[in-house]
2 protein chains.
Amino acid sequence: MTDVLPGRLLRPQAKVLPEDARRHNRALVLQTLLRAEGLSRADLARETGLTRVTVSDLVAELIAERLVRELGQREDARPGKPATLLDVDRSGHQMVGIDLSDHAVFRAAVLDLDGTILSRHEAPLDGATGEEALDRVGRLAERALAAADAPVLGVGVGTPGVVGPDGLVHTAPNLGWSGVPLQELLALRLGVPVIVANDANVSALAEHGFGEAGGDLMVVTIGAGVGSGLILSGALVRGARFAAGEIGQVMVGTDGGLDVEYDRGKTVEAWLSVPSLEERIRAAGDTGRAEVLRRAGQRLGVALAPVVGALNLGEVVLSGPPELLDGDLAEAALETIRRRTMSDTSDALILRRTTLGRDIVLLGAAVLVLSGRLGVS
Amino acid sequence: MTDVLPGRLLRPQAKVLPEDARRHNRALVLQTLLRAEGLSRADLARETGLTRVTVSDLVAELIAERLVRELGQREDARPGKPATLLDVDRSGHQMVGIDLSDHAVFRAAVLDLDGTILSRHEAPLDGATGEEALDRVGRLAERALAAADAPVLGVGVGTPGVVGPDGLVHTAPNLGWSGVPLQELLALRLGVPVIVANDANVSALAEHGFGEAGGDLMVVTIGAGVGSGLILSGALVRGARFAAGEIGQVMVGTDGGLDVEYDRGKTVEAWLSVPSLEERIRAAGDTGRAEVLRRAGQRLGVALAPVVGALNLGEVVLSGPPELLDGDLAEAALETIRRRTMSDTSDALILRRTTLGRDIVLLGAAVLVLSGRLGVS
DNA sequence: TTTGTTCGTAAGGTTTACTAACAAACTATG
DNA sequence: CATAGTTTGTTAGTAAACCTTACGAACAAA
């Protein structure tokens, strides 16, 4: 057979069977129900465009799987047969989210289908790396799984480092991991579906799934390092080498001229990571604090402006310590982006801090499960 | 009925019917055939994963529509019944591409299904704007349509300016257009399906469809202005306000410090547009030419580095005059991106000039038609 | 009580792609 | 040269998925 031209047909471009269509429609119904509770079958039909018959069929399937349940009849006084209200069976299944982004402690949580945290679990890192760190993740996951009191849909993991599509951690320097098939290892150990992705990318999923963001957004996480996650048209951008989001390593500004070599001291991370910010604030004292934050925000703005311009981004969400990010830093960042891009582009730009707080990675890990297992969000 | 939460369910998230699945599979077959000619039905079945029966059915449909034809039997000496080879019926349909990106002349072409240009047509602009420019586009399109000697699948248009998804030109300053429903007007006038998109975006489609690019790439077009188009996972990025690609208007560098106001003279366009480059080369003389180009390339690199880092872009393609782009400029741009991003990110980065030459927009307009009408590419 | 509305389901039809089986047409081989 | 094996493309039948049409149940309003 003739070879397909190299490079051209890169995307797997798969066939689509009717059953794929059904999976899609099933997810559509579930998603609609997840976002707006208190709908009847007829409501779902109107909302999704499917017929009442089809919706009934899909709902029956979902009820049989304990993903949806009937709430009883609608109370409003309206003409016609009263509607039977439906809702996602929030106690029917649970999920486990794991956050490996902190440098000192691994966090886990058992979550509801709608992202309510039911129990929390932690494991100190104690500087563990490699196999030892891996084992601690496994034990933490087992503890969380044991705490769940409903069938667990899956385990989602947000880890630092570059993560391939099959949950292979290519490199995670902090944890001393390199080429660790984390997803596979955990799935084997836990006997439950596991999905692993980069922590900053997962944060973007959280903001998209549980936050108030639209279909296009960028999340910038500011912690020990600086990472980012990008969602365009509702889908996560993974990058050519699965390293999308590594904006922390990009140099910012041309103060030293155009010919300078790569300099870790001039990267986004050098300007904005929490340790670096805190150190400079300490050095500057109370009076200099605002100025340090303002300058850092400006640097962030300089780095983001080309991205905002090229993608026509509508929303940038910051994640990190509120006492550092809110106020001067965020204001300076937004103002700098505005100043450096065409007004048409940035007038409508929203830059804000996440509403999800410190649980953003845990929630994102849950979205990973929702999306991987139910096709939702 | 309960309202869907605002902002959450922004994407239209449509139902999928079995017939949508069929359309997809039909396009898949056509695409496979378009990319690698000389396949039999059985080959197509193996390639697509569909069964021979299904492929036969789809192919029969495509043959009936004169999109595919039988070439005769395969000549190789192999056991078994000889295969009937198929090919896209390249003379069965044609397309019209229109390029409005030049400031002095509108270009049109009649193209084959595989992008071969059959005839060219031009119309001088003579500084026309508004209604007059619109009319010239219409007349040019009519001339091209008249030159076609097979059913025309559609007319694709690449225009400068911000273009909405339905071919509404929000703003195109050069042409004096603002809120012009170009796609609708042309479709009405021509009686043929018309698809309109931004010229730089369309160039990215061309590179993706007819060039040698992978699924993720950015095209930067350098002409009277500087624009860009971005394709991620095979899909065009449109942006929150449909203004994706407006990287020309982004300020680059922090030579003037962080507090400076927006300054047109410090934008990518100011550094890299052809008029600006030519003027500075004239001023610098033969000896200074290399330096001017090198500096411009560095500026481009500074602007692109954050984009490459955030998206983990694998390929950047430049489009514009070879005598300016090749050599110093491209080398400096690549080197600057490498210097300003993490090596993991940019080691694998490819930066090259387009292989499609000046016809890139015409070809992109054709891809617009192929993709809009046949779901291909 | 009558009329009209709304809900959910049942029955039947259409579309889609699958599996199984087969005739046609070739090569390979004893 | 005859037979066996292989490959192609088609026919026939089946399963899945959604649709349209129709209907009973349950309510409000006149």
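Reckoned from all heavy atoms, side chains included, excluding hydrogens, waters and symmetry mates.
With hydrogens and angles ignored, a donor-acceptor pair closer than 3.5 Å exists between the side chain of A/Arg52 and the base of C/dG8.
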List, with names and distances, any nitrogen or oxygen atoms from the protein found under 3.5 Å away from nitrogen or oxygen atoms belonging to nucleotides 2-6 of chain D.
| unit_1 | atom_1 | unit_2 | atom_2 | d |
| --- | --- | --- | --- | --- |
| D/dT6 | O2 | B/Gly80 | N | 3.1 |

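Put simply, B/Asn25 has a side-chain N or O that comes within less than 4.0 Å of OP1 or OP2 on C/dA17. Considering only side-chain N and O atoms, A/Arg22 lies nowhere under 4.0 angstrom from the phosphate OP1 or OP2 of D/dA16. The phosphate of D/dG9 has OP1 or OP2 within less than 4.0 Å of a side-chain N or O from B/Ser40.
No side-chain donor-acceptor contact under 3.5 Å links A/Ser203 and A/Asn201.
Screening B/Arg23, B/Arg22, B/Arg66 against B/Glu61 for a salt bridge (charged side-chain N to carboxylate O under 4.0 Å, His left out) leaves a single residue, B/Arg22. Under the side chain to side chain contact (heavy atoms under 4.5 Å, CB included) test applied with A/Gln94, the options A/Leu111, A/Leu118, A/Thr116, A/Leu145 reduce to a single match, A/Leu118.
Between B/Asp114 and B/Arg35, none of the side-chain N atoms (NZ, or NE/NH1/NH2) sits under 4.0 Å from a carboxylate O, so this pair counts as no salt bridge.
Listed nucleotides D/dA17, C/dC18, D/dG9 differ in distance to B/Arg41; the shortest reach to its side chain belongs to D/dG9.
Of the residues in residues 59-69 of chain A, not one places a heavy atom less than 4.0 Å from an atom of DNA chain D.
Looking at which nucleotide of DNA chain C each of A/Pro82 and B/Val53 is closest to, the 5′-most match is held by A/Pro82.
When all heavy atoms of A/Phe210 and A/Ala366 are compared, the pair lying nearest together is CE1-CB, 4.4 Å.
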